[in-house]
Amino acid sequence: MLDIGFIRDNVELVKEGMKNKGENDISAVDKAVEKDEEWRGLVTEIDQLRAESNTKAKQIGQLMGEGKKEEAQALIKETGESKGKIKELEKAVSEVRNELNELLYRIPNVPDASVPVGHSEEDNEVFSTWGEPDENEKLKPHWEIAEQNNWIDFERGVKVTGAGFPFYVGRMATLQRALINFFINEAISAGYTELQSPYFVNEDSARGTGQIPDKEDMMYEIQRDEFFLIPTAEVPVTNFHRDEILEEDDLPVLYTAYTPCWRREAGSYGKEVRGLNRLHQFDKVELVKIVHPEQSDKELESLREYAESLLQKLDLPYRTLLMCTGDMGFTQTKKYDLEVWSAGQKRWLEVSSCSNFGSFQARRMQLRFRNEKGKTEMLHTLNGSGLALPRIVAAILEKYQTEEGKVQVPKVLEPYMGEGFI
RNA sequence: GGAGAGAUGCCAGAGUGGUCGAAUGGGCUCGCCUGGAAAGCGAGUGUACCGUGAAAGCGGUACCGAGGGUUCGAAUCCCUCUCUCUCCGCCA
């Protein structure tokens, strides 16, 4: 969430950002400013009353100690009325604060000035492209190649769990494991610390990274134990330092983690989501950066460059999009999407999303550092996929396929699964 | 899953109704001492919010696992929850 002090000083900027992100109802901004004023008024009032009653309580204590029971008794009578008033105010303060927080949770992060204003994916800017998309009509989509080789068992996945939960069989399972290792090892070389995280998170964590409120429908939920299955490793990994104050010298903090990801993807079926294009469970190696506020712009660029380097090493053509305001999501200030070329489907598939969240997540998580003046300050968080597996697998199968229906092992994966064919 | 114990500041640990934001020790920071270091000595060392101020600061409030209650007054008493530890059971 945004700092209410920032909103107070930048009402128009926040409203404009909200509009540009496609939010029609921007009334939350004015309401929040009003609530904040109301809240501060109440706090001032209650603080005064408490100060008075604290003074009296101390006097009573003193009188009791001196044995002046009657004087004490008289004072006790006096305190009776302010006591009720304080109770009332306490209730009012917490109610108003809750209302204010609800409003704040509904106000999206302000897009960075460098982000193009737009309404939909049509307005995203192609930031760069790498490699030559192969338009060869003979190239088959990955599901055909997989079927020929008995590599992916969608039907048994349906039987055992449901649609969107495939089995990977034999060398396909090995390929996935190889990719995970390749991605993790690359990240470690780039300075990230590997983390193995829980696959379930509690409500506070989901709130910290912004899945709650409003986006809980994307997550699977274990109601009995009040857990959510992680939709991305971003959630547990970014929350790793929740409610902590880091030392400036320790920045930037870089983590990488491989986890499965679970997403309900409610209502999305059809040819767009055929094969590995969209699943309810998939594997991903995630990158998380916790950085000094002044460094986050720079860190976003290096995050994007790093993610791009993985596609280059796999020799998969891709393009990088700078997402427009309307297509970038609630919590981000700026976001790049990396899309790999699907040579069999003749379309671009999103395989990484690199985002800067500014202090938006950090504020929700109370994730701070101590600056050179010794004051605490909110950190900035970023994350990006490095990379998401299924679509990479799809792109590999389609690009590295041979006419006989075999698939060549990409050069960089040879150390992990041998030379030749998968 | 059953039985018991516990949760206090960066750490260890005291405090069982009043002057406690909290003893003491350690750590850390600064200063003195030293050729330098160690030891020693002295001072300081939480977070958040409200108000005020250009700022340093100053005034106030809250916080001793979380939430609620009793009381003029709660770290201290009561209730609920969470977590940790020990023993038993189960188990990769």
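No experiment lies behind these values; they were computed from the predicted model shown. Every chain is numbered from 1, with letters handed out A, B, ... down the list of sequences.
Pairing of B:C64, defined by two Watson-Crick or G-U wobble distances under 3.5 Å, is not identified with any nucleotide. Within the shown strands, B:C85 is the pairing partner of B:G4 under the Watson-Crick or G-U definition, both distances less than 3.5 Å. B:C32: Watson-Crick or G-U partner is B:G40, with both key distances under 3.5 Å. Across all strands shown, B:U76 has no partner, as no Watson-Crick or G-U wobble contact with both distances under 3.5 Å is found. If you check B:G21 for Watson-Crick or wobble pairing at under 3.5 angstrom, you find it has no partner at all. With a 3.5 Å ceiling on both atom-pair distances, B:G53 lacks any Watson-Crick or G-U wobble partner. Of all nucleotides present, none satisfies the Watson-Crick or G-U wobble test against B:U16 with each distance under 3.5 Å. Base pairing annotation: B:U45 forms a Watson-Crick or G-U wobble pair with B:G27, both donor-acceptor distances under 3.5 Å.
Nucleotides B:C91 and B:G69, compared at atom C1', are 41 Å apart to the nearest Å. Across the C1' atoms, B:C77 and B:A92 are found 45 Å apart, a figure rounded to whole Å. Taking atom P in both B:G2 and B:U8, the straight-line distance is 26 Å, to the nearest Å.
You'll find that the side chain of A:R368 is closest to B:A48, out of B:C50, B:A48, B:U61. The side chain of A:T44 lies closest to B:C50, out of B:C72, B:C50, B:G46. The side chain of A:T376 approaches B:U47 more closely than any other nucleotide in the set B:U47, B:G51, B:C72. For A:A51, the side-chain atoms get nearest to B:G60 when compared with the rest of B:C50, B:A62, B:G60. The nucleotide whose nearest atom lies closest to any side-chain atom of A:K83 is, among B:C50, B:U71, B:A62, B:U71.
A:L75 comes within 4.0 angstrom of nothing in the nucleic acid, heavy atoms only. A:R97 comes within contact range of no nucleotide atom at all, as no heavy-atom separation falls under 4.0 Å.
The aromatic rings of A:Y220 and A:H280 lie perpendicular to each other, with more than 60° between the two planes, well past the 30° mark.
Panel note: side chain A:S359, backbone A:M378; no donor-acceptor pair is recorded below 3.5 Å.
More than 12 heavy atoms of other residues, nucleotides or ligands shown are found within 6.0 angstrom of CG on A:D250. Shown here is A:R156, whose CZ atom has no more than 12 heavy atoms of other residues, nucleotides or ligands within 6.0 Å.
Residues in residues 181-206 of chain A take part in these salt bridge (charged side-chain N to carboxylate O under 4.0 Å, His left out) pairs, two or more places apart or across chains: A:E186-A:K313, A:E203-A:R207.
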